[in-house]
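As structure tokens, the structure follows; a few thoughts come after it.
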Amino acid sequence: APPVAGYLPLLEAYEALASAALDATERKLRAPDGGGGSRPALEAEAAALRAERQSWRLLLCLYAGFDGRQAAPPPFPPPPDDWGAMLRA
């Protein structure tokens, strides 16, 4: 499997896109007309974008340093005793 660190820039880009979209939506809500007749839709969109941004931030927090925290796999166990030798005797 490829290292997780290779995906961090993509997660950062998604988080930045969600932040930019949220900022734009919040600017519309702060406009003098407050979003006009579409205010409920804009508020719902802002809530969804806020959740989306938080999801990407959570993934970034979870996977930052992930590769370095992974332990090496344990060695293979020794082969089992020849339990069939008793049957062949």
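Because the structure is predicted, anything quoted here is derived from the model rather than measured.
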Side chains of residues 26-34: which donor-acceptor pairs under 3.5 Å do they make with residues two or more places apart or in other chains?
residue: E26; atom: OE2; partner: R50; partner atom: NH2; Å: 2.9
residue: D33; atom: OD1; partner: G35; partner atom: N; Å: 3.2

Grab the two heavy atoms, one from A64 and one from R69, that are nearest each other, plus how far apart they are. O-NH1, 2.7 Å
Closest approach of E45 and T25, non-hydrogen atoms and distance? OE2-OG1, 3.5 Å
Compare all side-chain heavy atoms of R88 with those of D82 and state whether any distance is below 4.5 angstrom. yes
Which distance, rounded to the nearest 0.5 Å, do you find between the CD of Q54 and the CG of L22? 9.5 Å
By salt bridge (charged side-chain N to carboxylate O under 4.0 Å, His left out), which residues pair with E15, not counting sequence neighbours? R57
Should L60 and V4 be regarded as members of a common hydrophobic cluster, given that ILVMFWY residues are connected when their side-chain heavy atoms come within less than 4.5 Å of each other, either directly or indirectly? yes
Restricting to pairs with a member in residues 17-76, which pass ring-ring contact (aromatic ring centres under 6.0 Å, His included), not counting sequence neighbours? Y14-W56, Y63-F66
Considering all heavy atoms, the nearest P3-D67 contact: CB-OD2, 3.3 Å
